Amino acid sequence: MVDAATIEKLEAGFSKLQASDSKSLLKKYLTKEVFDALKNKKTSFGSTLLDCIQSGVENLDSGVGIYAPDAEAYTVFADLFDPIIEDYHNGFKKTDKHPAKNWGDVETLGNLDPAGEFVVSTRVRCGRSMEGYPLNPCLTEAQYKEMEEKVSSTLSGLEGELKGTFYPLTGMSKETQQQLIDDHFLFKEGDRFLQAANACRFWPTGRGIYHNENKTFLVWCNEEDHLRLISMQMGGDLKQVYKRLVTAVNDIEKRILFSHDDRLGLLTFCPTNLGTTVRASVHIKLPKLAADKAKLEEIASKYHLQVRGTRGEHTEAEGGVYDIPNKRRMGLTEYDAVKEMHDGIAELIKIEKSL
Ligand SMILES: Nc1ncnc2c1ncn2[C@@H]1O[C@H](COP(=O)(O)OP(=O)(O)OP(=O)(O)O)[C@@H](O)[C@H]1O
Ligand SMILES: NC(=[NH2+])NCCC[C@H](N)C(=O)O
């Protein structure tokens, strides 16, 4: 049974959400019927509906508003997660099964902008959860330390272009940290969406970043997900960026086991990242198209793309630079998720040139 204090918080949260003009998927799908069916449920880790929805309740400007406190939450609270997943990932139904992992033929992607007129930089990232560990809100301080140790020692075995160094956040100077954030290499600190979801406990313990010398291959440890594997570089050479990521992930998957679900694919903390977990993006300047931001968003969404600001999610564009990625990550292969970004960006560039 869920205790009385939690039920009280849940009722207050539900009323707050209902009375608000929040545009989140949480508000859209947490009907009274779903709320009543789920409010007394608990996972075997003790997570309740409150753990899933508290970020969206506290942050009414959330786009989605829900996280899975542990992997089991996706099943126990499926009546809420499933419609949100379906809405976000272009109609991935509760009867659908995410396809098997397939990176495709890495040689077939090209340079998105060989003349260097529009694309500032290209980045492809994916997320992974380590098998045997719960998700952020259920991790103990000891587990954070143990995971950091596992990650840093595993990555120290990487070679060639991927060879690099692990830098724990604990003990990192504020200047170094800020520089890495400003250069788009490191996650920001104090994300209010993650904080409200209980994902920042014991910070900065267990958090860190690994990168190779050129900062073209990077790994985030224990921010939103256990691991984020990132390949990025200046310019539009998506083939090179993607190839590097695929090589790195294939190598790391031989050394660490990751959590996977038969239906949902790879497991992540946020339902928007399930499946392939792949977000491929360009930093791009499209001055004519972006003169009308609403229009840019409308055209981008036609190609299943999203529009973010220069410093990532929940930020504004600076100097006309937008971060434009594939939106959905589920119900298609890794290759197709990247190809979706590739094809959409090619169209946006074509339109920009025609204006
Ligand atoms: N194509 C790109 N070139 C350079 N930097 C990028 C590019 N795409 C994203 N970034 C940078 O990556 C950092 C993280 O961005 P952001 O948090 O939005 O996305 P994410 O790491 O994919 O995770 P999430 O989707 O969970 O937020 C930011 O500094 C952002 O500017
Ligand atoms: N990094 C992410 N998981 N982004 C997707 C959602 C982020 C935040 N919870 C929101 O609803 O706006």
Side-chain angles (χ1 to χ4, degrees), residues 17 22-29 52-68 84-85 87-89 112-113 118-127 135-136 177-199 209 211 215-216 218-220 223-238 241-242 245 268-274 276-285 305-319 321-329 337-338 341-342 345:
L17 205 57
S22 173
K23 304 279 182 293
S24 69
L25 295 180
L26 171 65
K27 173 157 186 210
K28 186 168 169 188
Y29 293 106
C52 304
I53 70 169
Q54 58 199 355
S55 181
V57 169
E58 271 185 43
N59 299 286
L60 294 170
D61 58 342
S62 292
V64 183
I66 184 172
Y67 293 93
I84 289 180
I85 287 170
D87 191 313
Y88 186 88
H89 297 283
L112 279 159
D113 180 27
F118 305 98
V119 176
V120 180
S121 52
T122 305
R123 176 182 189 261
V124 186
R125 62 87 162 150
C126 61
L135 302 179
N136 254 321
Q177 185 184 357
Q178 193 55 48
Q179 194 61 53
L180 286 168
I181 295 170
D182 290 346
D183 293 341
H184 306 286
F185 296 128
L186 181 62
F187 46 83
K188 56 182 175 295
E189 192 156 88
D191 180 309
R192 64 189 159 90
F193 301 86
L194 290 178
Q195 278 174 340
N198 247 334
I209 181 173
H211 63 75
K215 302 199 187 83
T216 53
L218 309 97
V219 179
W220 293 356
E223 189 238 13
E224 175 171 330
D225 285 312
H226 295 169
L227 288 180
R228 284 288 177 88
L229 306 158
I230 303 161
S231 171
M232 63 197 282
Q233 70 190 48
M234 300 307 283
D237 194 344
L238 180 60
V241 170
Y242 184 57
L245 184 75
T268 52
F269 185 41
C270 180
T272 63
N273 284 320
L274 290 166
T276 62
T277 76
V278 168
R279 182 169 95 88
S281 67
V282 285
H283 266 184
I284 188 167
K285 287 186 182 183
L305 302 179
Q306 197 183 47
V307 180
R308 295 185 178 189
T310 322
R311 288 169 182 262
E313 195 173 34
H314 309 116
T315 68
E316 294 302 318
E318 296 164 17
V321 177
Y322 288 87
D323 166 346
I324 308 195
N326 58 299
K327 179 175 177 249
R328 66 167 160 169
R329 327 207 194 287
V338 176
M341 187 281 274
H342 174 276
I345 293 297

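One is the number of the first residue; the rest follow in order along the sequence. Everything numeric in this text was worked out from a predicted model, so none of it was measured. Read the numbers this way: they start at 1 and go in the same order the structure lists the ligands and their atoms.
Within 4.0 Å of ligand 1, the residues that place a heavy atom are S121, T122, R123, R125, H184, W220, E224, R228, M232, R279, S281, V282, H283, R308, T310, R311, G312, E313, D323, listed by chain and number.
Using a cutoff of 4.0 Å between basic side-chain nitrogens and carboxylate oxygens, R311 and D323 are not scored as salt-bridged. Salt bridge annotation for R192-D61: present, with a cationic side-chain nitrogen under 4.0 angstrom from a carboxylate oxygen.
The backbone N or O of L274 lies less than 3.5 Å from a partner atom in the side chain of T268, making a donor-acceptor pair. Formation of a donor-acceptor pair under 3.5 Å by the N136 side chain with backbone atoms of E224 is found in this model. No donor-acceptor distance shorter than 3.5 angstrom exists from the side chain of R125 to the backbone of L245, with no hydrogens or angles considered. Side chain of T122 to backbone of L238: no donor-acceptor contact under 3.5 angstrom is found. Checked by atom type and distance alone, the side chain of R329 pairs as donor or acceptor with a backbone atom of T272 at under 3.5 Å.
Of all the atoms in ligand 2, the ones that sit under 4.0 Å from a non-hydrogen atom of T272 are 3 (N), 5 (C). Those atoms of ligand 2 with a heavy atom of G65 less than 4.0 angstrom away are 11 (O). For ligand 2, the atoms lying closer than 4.0 Å to a non-hydrogen atom of V64 are 10 (C), 11 (O), 12 (O). Close approach of ligand 2 to G63 (heavy-atom distance below 4.0 Å) involves ligand atoms 10 (C), 11 (O), 12 (O). Interface of C270 with ligand 2, defined as ligand atoms under 4.0 Å from a residue heavy atom, comprises 3 (N), 5 (C). Those atoms of ligand 2 that come under 4.0 Å of a heavy atom in Y67, given as number and element, are 7 (C), 8 (C), 9 (N). Atoms of ligand 2 lying under 4.0 Å from any heavy atom of E313, numbered from 1 in the order shown and given with element: 1 (N), 2 (C), 4 (N), 5 (C), 6 (C), 7 (C).
For the side-chain contact (heavy atoms from CB on, under 4.5 Å) criterion with K215, the lone passing option out of I230, D183, L180, I209 is L180.
Aromatic ring pairs are classed by plane angle as parallel below 30°, tilted from 30° to 60° and perpendicular above 60°; the pair Y67 and F269 is parallel. The aromatic rings of F193 and H314 sit parallel to each other, their planes meeting at less than 30°, with 60° as the upper class boundary.
Below 3.5 Å of separation, one finds no N or O of D61 facing any N or O of ligand 2.
Between Q306, R279, E224, it is E224 that holds the heavy atom closest to atom 3 (N) of ligand 2.
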